[in-house]
Structure formats: structure tokens, C-alpha cells
Amino acid sequence: MHPHEQPPAWTPAAQPLDPARSAPAEPPRELRRILRLFRPYRGRLAVVGLLVGASSLVGVASPFLLREILDTAIPQGRTGLLSLLALGMIATAVVGSVFGVLQTLISTTVGQRVMHDLRTGVYAQLQRMPLAFFTRTRTGEVQSRIANDIGGMQATVTSTATSLVSNLTAVVAAVVAMLALDWRLTLVSLLLLPVFVWISRRVGRERKKITTQRQKQMAAMAATVTESLSVSGILLGRTMGRADSLTRSFAEESEQLVALEVRSSMAGRWRMATIGIVMAAMPALIYWAAGLSLQSGAPALSLGTLVAFVSLQQGLFRPAVSLLSTGVQMQTSLALFARIFEYLDLPVDITEPAEPVRIAQAGGEVRFEGVEFAYEGPGGDPTLSGIDLTVPAGGSLAVVGPTGSGKSTLSYLVPRLYDVTAGRVTLDGIDVRDLDFDSLARAVGVVSQETYLFHASVAENLRFAKPDATDEELAEAARAAQIHDHIASLPDGYDTLVGERGYRFSGGEKQRLAIARTILRNPPVLILDEATSALDTRTEHAVQQAIDALSRGRTTITIAHRLSTVRDADEIVVLDAGRIVERGTHEQLLAADGRYADLVRRDAELAPTPG
């Protein structure tokens with residue numbers, strides 16, 4: 001494949017997001033991938049392993065000390081030995097506790113670092129995804145993957161590895177110590193463990209399925225909350241009288257989540273409870289077996305050995321039960337890891353080349369050479385076809401046409417929000433696909449009709465374009481955008497919170513804030529995507545003055561809805577069904593009396609009458 005040929009654009013059919021519909025990776029492969037997450041921290045994990053091993057050895061020493069107390073120190077009245085053995089038991093408890101605290105500290109730190117790596121990895125991957133992904137994916141679904149799915153793995157990544165090693169070491173140490181005391185009673189103790197393992201594996205598979213359904217339901221709820229409780233969602237719901245309906249819909253989704261949570265908690269609960277009962281009854285079975293062996297003439301066990309063995313048995317069963325629970329938890333967590341890996345494996349269509357071209361300062365010449373574009377990728381229905389345009393550095397191009405003609409799509413190709421499916425777009429003669437992302441972002445600024453402002457102060461919103469901008473630079477940019485006086489009149493000035501999506505400001509004010517933000521960025525190429533189409537005539541005039549100041553000396557590509565804003569462009573092109581059907585200056589196109597002249601007459605008919 002040629003380096004500039006594009007793979008098919010991401011679509012739900014090509015890359016399903018639903019794990020239930022996509023073929024899951026085989027568990028061994030998933031487990032290997034999970035283990036690779038811990039690889040950067042193997043040094044710390046080795047320390048945890050040493051602490052776990054030492055803690056297990058200390059733990060099995062206590063029953064042997066107890067045997068000596070019962071069989072030797074007390075019967076023989078050796079108070080010195082009794083004191084020494086008692087101090088030994090206390091010391092083992094202290095040392096075991098200290099080791100436990102240290103291993104918890106280290107393992108929790110490692111687990112949290114792994115979660116940080118996962119969150120950052122998913123966020124970085126989503127930042128690389130094409131615009132098409134976000135137009136087809138609900139925002140709440142994306143947020144749920146980062147918050148709920150990764151958050152749900154906290155117990156697994158912070159404690160499971162330590163628990164697994166700790167309990168496995170404890171089990172092995174206990175079995176060895178039990179064999180040293182009496183091999184026959186050890187066989188009786190281990191007889192049912194294979195059955196318990198089989199039961200726990202079945203419970204784990206069952207919970208994994210339920211967890212997948214639960215996380216999907218949590219994602220659906222997150223999407224509902226994000227959409228309906230945003231400022232726009234509240235306005236729409238109340239003006240349409242749908243607040244009660246939305247509440248009922250949310251309640252129904254919450255009820256489904258309740259049912260799934262109960263199913264998840266109760267899945268296999270009775271079977272695991274049965275395991276607990278059997279293990280709790282094992283000491284009685286050991287006493288019973290010891291009594292029978294004594295009556296049958298077998299060598300008698302000392303009281304100390306019997307008590308020590310039962311103590312070791314409990315030291316075996318506690319970690320064994322914990323191991324089984326850990327196995328169930330790991331099975332459940334595989335469903336969460338599968339959802340996270342699904343996002344990490346999404347194909348990234350727009351990437352930097354292996355050796356990108358970096359430019360310190362772009363001149364600003366933009367060319368479209370034989371450009372074609374289809375949202376479905378090569379072979380799909382073209383949105384743009386046969387586009388050949390040149391905008392000289394410092395020149396201006398206006399693109400007009402009916403709705404759906406491909407105007408905005410054309411503007412998306414310059415900053416690489418999408419990549420062409422044929423032909424190329426160049427900046428100063430360099431294919432934009434060969435440029436590094438930073439160079440392209442510095443060179444091309446975009447002001448669209450959908451102005452986005454963060455829920456932060458005016459100053460923070462402006463500094464998003466230039467983090468190191470001084471207060472004077474902010475004020476200068478705001479003056480150029482004709483918004484400084486308004487900001488200065490506010491009680492908090494540039495520290496004023498703009499509100500969610502900028503709802504504390506009018507449409508024209510938000511648009512001028514966006515222009516000020518772009519002025520701070522100071523790009524040599526400017527894309528104006530219907531930046532005034534949603535404004536009234538008076539506000540449009542004020543914003544247009546700010547745009548004129550912003551456009552001065554820059555290469556400007558204007559996507560126009562109102563033709564009054566493009567009369568002075570060096571060249572105007574008319575798009576229809578993705579093709580250029582007319583081109584020329586305002587006067588030339590009027591004289592041709594074609595599509596452009598029709599659009600001008602339509603604008604004149606729709607223009608509001610004075611008074």
C-alpha cells in the first residue's frame with residue numbers, strides 16, 4: 001500500500017465496540033497481555049515476592065512453636081523454654097504483620113501505576129482517533145470505558161497479583177509443613193481441593209458474562225446522564241416537556257443495572273458458601289480421622305502434633321479459599337480488560353509518518369490537487385471529487401454551496417481532521433500527511449460555528465491556545481477580537497467562569513472569544529467554517545469585524561452560509577454534490593448568472609427587511 005493510501009474509514013461494522021458481538025481474545029493471550037502491563041514494575045514486584053515468601057515462612061513457623069509448647073514445654077514444666085517459645089509466636093505475628101503492611105504498600109502502588117498507565121493509554125488512543133469515531137460513538141460510552149471499566153479493575157490490579165503470590169506461597173508452605181507432621185491426614189485434607197477448584201472456575205465464567213452485561217448497562221447510563229444533564233440536554237428536555245419522561249427512562253435503565261448487580265453478587269454464592277462450610281468442617285473430620293486411626297492401632301499422634309496440624313490446616317484453607325476467590329475475580333476482570341483492550345486496539349487511521357517533516361514557520365500556501373474524499377473510505381460514495389484549488393499565501397478563498405455539498409468536509413482536510421482518499425492537500429508544497437502534528441497544528445487555525453469553551457475562566461480558555469501567554473497578550477488578543485471591553489466590564493474580568501460550554505456568554509461573545517483564542521495561536525492559515533451563520537445581523541457585523549482583523553495577512557479559507565461575508569474573497573468556488581461547479585470573483589460569478597447568482601438572489605430574498 002502506498003504510504004498515502006488510506007485504509008477504510010472506521011465504521012461500527014469494521015470495528016465493533018460490543019464485546020458480545022466481537023470474537024473475544026483467547027484467555028491465555030489476554031492473560032499474557034495483562035501480565036505485560038506489570039512488566040515495567042517487575043523490580044518492585046520482585047520485592048513483593050520476597051516479602052510474601054518470607055511472610056509465608058514466618059506464618060508456618062507458629063504451629064511448630066505451638067507443638068513444642070504443648071508437647072514439651074508445658075508437660076515438662078520448662079518455663080524458660082515456654083517463655084522463649086511464646087515470645088517466638090509473638091515475634092512471628094509482629095514480623096508477619098510488618099511484612100504484610102510493606103507488601104500492601106508496594107503492591108497497591110504498582111496497581112495504581114498500572115491503572116494510571118491504562119487510563120492514560122486509553123485517553124491517548126482516543127486522542128488519536130479520527131473525527132468519524134466520535135461522530136458515531138456516544139460521549140458517555142467513551143467516559144464509561146475510562147471511568148467505570150478501568151475503575152472496576154482497581155481491586156484486581158492493586159491486590160490480585162499480591163494475593164495470588166501470597167496465597168499460593170502460603171498454600172505450598174502449609175502443605176509441606178503438614179506433610180512433615182503427618183502425610184495421611186494431609187491427604188485427607190487435600191482430597192476435596194480439586195472439586196473446589198472446578199466449582200470456582202464455573203462461578204468465574206458465570207460472573208464474567210454478567211460483568212460484560214453490567215458494564216454495557218453502566219455505559220448506557222453514563223451516556224444518558226452525559227446527554228440529558230448537559231446544559232443543552234436540560235434546555236431541550238424542559239422546553240419539550242420531557243423531563244418526567246427522561247426521569248422514567250433513566251429509572252428503567254437503573255432498574256436493569258440493579259438486577260445485573262444482584263445477579264453478579266449472587267452468581268455462585270451458594271456454591272462458594274458450600275466450599276466455606278466444608279472447609280470449616282474439616283478440623284472436625286481431622287479429629288475424627290485421628291480418633292479412628294488410634295482405635296485401629298495406628299501410631300498415636302501427640303496432642304501437640306494434632307493441634308499444630310489443625311492450625312496448619314486452617315493456614316492452608318484460608319489462602320486456598322482466597323485463591324479460589326481470586327480466580328473468580330480474575331475471570332470477572334477479564335471482561336473489563338477485554339473492553340479496555342478493545343479501545344486500545346482500535347485502528348488509528350490518521351498517523352504521523354515515520355520521519356515527519358517539521359516546519360518552524362509556514363508560509364501559508366494551500367493546494368488541493370485532485371482531491372477525493374469518501375467517509376466510508378476508498379470505494380465509498382464520494383463526498384468530494386475532483387477538487388483542484390490553490391490558495392496563495394496571504395490569499396483568501398470562499399467556498400459556498402447548498403447544504404450537504406461538502407463545504408465543511410473540504411475544510412476538514414487541511415488540518416487533517418480527515419485524510420483524503422485520493423489526491424493530496426499540501427501546505428507550502430508539502431503534503432499535510434507528511435507533516436508532524438505539531439507543525440500542522442501551529443500552521444492551521446479553525447474557527448467554526450460550533451464554538452466550544454471549557455467550564456473554566458476566560459483566561460484559561462484563551463490560554464488553551466497558548467499556555468504561556470501573558471495577561472497583556474490575552475488582553476491584546478481580546479481587543480483584536482473586539483471582546484476585551486466586555487470582559488473587562490465583568491466583575492471578575494478575565495477570571496470569570498464561562499459556564500458549561502460557555503452558556504454565560506451570548507453566541508456572538510463566544511464566537512469572539514474563539515477568535516481571540518485563535519489570534520493567540522497566530523496561525524498563518526485560517527479556516528472559517530460558517531463562523532457567523534448562527535448569529536443575528538447586528539452580532540454578525542461585530543463578529544465579522546473581529547474576523548477581518550484575524551484574517552489580515554493570513555491565508556483564509558471561508559466556508560460561507562451567508563454570502564455577504566465572502567464578497568471580497570480573492571476567489572469564490574461553488575460546490576454542488578462534492579464537485580466545483582463554478583469559480584471566480586464575486587463580480588465574475590454574478591456576471592455569469594449561474595449557481596452563485598442564484599444563491600445571491602436567494603440570500604437577498606431571505607434577508608430581513610429593515611424596521
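The figures that follow rest on heavy atoms only: side chains count, while hydrogens, waters and symmetry mates do not.
Checking side-chain atoms of R424 against main-chain N and O of E369 turns up no donor-acceptor pair under 3.5 Å. S411 places a side-chain N or O within donor-acceptor distance of the main-chain N or O of S408, the cut-off being under 3.5 Å. In this structure, D434 contributes its side chain and V357 its backbone to no donor-acceptor pair below 3.5 Å. Proximity of a side-chain donor or acceptor of Q112 to a complementary backbone N or O of T109 within less than 3.5 Å is not detected. Proximity of a side-chain donor or acceptor of K466 to a complementary backbone N or O of R517 within less than 3.5 Å is not detected. Proximity of a side-chain donor or acceptor of D428 to a complementary backbone N or O of G363 within less than 3.5 Å is detected. With K407 contributing its side chain and L575 its backbone, the two residues share no donor-acceptor pair below 3.5 Å. Between the R442 side chain and the I359 main chain, a donor and an acceptor come within less than 3.5 Å of each other.
Here CG of L410 is found 5.5 Å from CD1 of I559. Values are rounded to the nearest 0.5 Å. Between the CD atom in E355 and the CZ atom in R358 there is a gap of 9.5 Å [rounded to 0.5 Å]. Rounding to the nearest 0.5 angstrom, the gap separating the CG atom in L453 from the CZ atom in F464 is 11.0 Å. Distance OG1/T558 to CG/D568: 10.5 Å, rounded to 0.5 Å. Rounded to the nearest 0.5 Å, atoms CZ (R119) and CE (M115) are 5.0 Å apart. R512 contributes atom CZ, which lies 7.0 Å from atom CD of Q482 (distance to the nearest 0.5 angstrom).
Note on D598 versus R601: salt bridge recorded, some NZ/NE/NH1/NH2 to OD/OE distance being below 4.0 Å. Salt-bridge check for R479 with E472: passed, with a basic side-chain N closer than 4.0 Å to an acidic carboxylate O. In this structure, R595 does not pair ionically with E582, as no charged nitrogen and carboxylate oxygen lie closer than 4.0 Å.
A side-chain N or O of S439 and one of D436 form a donor-acceptor pair less than 3.5 Å apart. With hydrogens and angles left out, the side-chain atoms of Y375 and T409 include a donor and acceptor closer than 3.5 Å. Defined by atom type and a distance below 3.5 Å, a donor-acceptor pair is present between the side-chain atoms of S457 and E460.
Atom CZ of F437 is surrounded by more than 12 heavy atoms from other residues, nucleotides or ligands within 6.0 Å. Other residues, nucleotides and ligands place more than 12 heavy atoms under 6.0 Å from the CZ atom of R583. For E372, the CD atom is densely surrounded, since the number of other residues' heavy atoms within 6.0 Å is greater than 12.
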For residues 382-400, run the donor-acceptor check on the side chains, cut-off 3.5 Å, and write out each pair with its distance to 0.1 Å, sequence neighbours left out.
| residue | atom | partner | partner atom | Å |
| --- | --- | --- | --- | --- |
| S385 | OG | R579 | NH2 | 3.1 |
| D388 | OD1 | G370 | N | 2.7 |
| T390 | OG1 | R367 | NH1 | 3.2 |
| S396 | OG | D570 | N | 2.9 |

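Counting heavy atoms from C-beta on, the side chains of V600 and L590 come closer than 4.5 Å. Residues Y412 and D529 form a side-chain contact, since some pair of their non-hydrogen atoms from C-beta on lies under 4.5 Å apart. Looking only at side-chain heavy atoms (C-beta outward), P523 and R554 come within less than 4.5 Å of each other. Here the side chains of I340 and V122 are in contact, with some heavy-atom distance below 4.5 Å. T585 places none of its side-chain heavy atoms less than 4.5 Å from the side chain of E571. Looking at heavy atoms from C-beta onward, H486 lies in side-chain contact with L490 at the 4.5 angstrom threshold. Within the 4.5 Å cutoff, the side chain of V366 has heavy atoms near those of the F368 side chain. In this structure, the side chains of L346 and M129 come closer than 4.5 Å at one or more pairs of heavy atoms.
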Apply the test side-chain contact (heavy atoms from CB on, under 4.5 Å) to residues Q125 and Y343: give CA-CA distance (whole Å), side-chain angles for both, the deciding distance (0.1 Å), then the verdict.
CA-CA 8 Å; Q125 173 77 351; Y343 262 21; 5.6 Å; no
For V458 and L513: C-alpha separation, side-chain torsions, deciding distance, then whether side-chain contact (heavy atoms from CB on, under 4.5 Å) applies.
CA-CA 8 Å; V458 171; L513 281 173; 3.9 Å; yes
For a side-chain contact (heavy atoms from CB on, under 4.5 Å) check, start with the C-alpha distance between V581 and Y596, then their side-chain angles and the critical distance, and finish with the verdict.
CA-CA 9 Å; V581 294; Y596 180 78; over 6 Å; no
Would D471 and R463 satisfy salt bridge (charged side-chain N to carboxylate O under 4.0 Å, His left out), going step by step from the backbone distance to the final call?
CA-CA 10 Å; D471 291 345; R463 284 197 173 96; 2.7 Å; yes
Intermediate values then yes/no, side-chain contact (heavy atoms from CB on, under 4.5 Å), Y494 and N461:
CA-CA 10 Å; Y494 282 83; N461 271 279; over 6 Å; no
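Looking at every heavy atom in both residues, V444 comes nearest to P415 through CG1-CB, 4.0 Å. Considering every non-hydrogen atom in both L413 and D419, the closest pair reads CD2-C, 4.2 Å. The two residues A477 and A516 have their closest heavy-atom pair at CB-O, 3.6 Å. Nearest heavy-atom pair, A465 versus L520, reported as atom, atom and distance to 0.1 Å: CB-CB, 4.4 Å. Contact between G493 and T496 at its shortest, heavy atoms only, is O-OG1, 2.7 Å. Counting all heavy atoms, side chain and backbone alike, P402 lies closest to S405 at O-OG, 2.8 Å.
The side-chain tip of R33 points at the ring of F341 from less than 6.0 angstrom away and within 45° of straight on.
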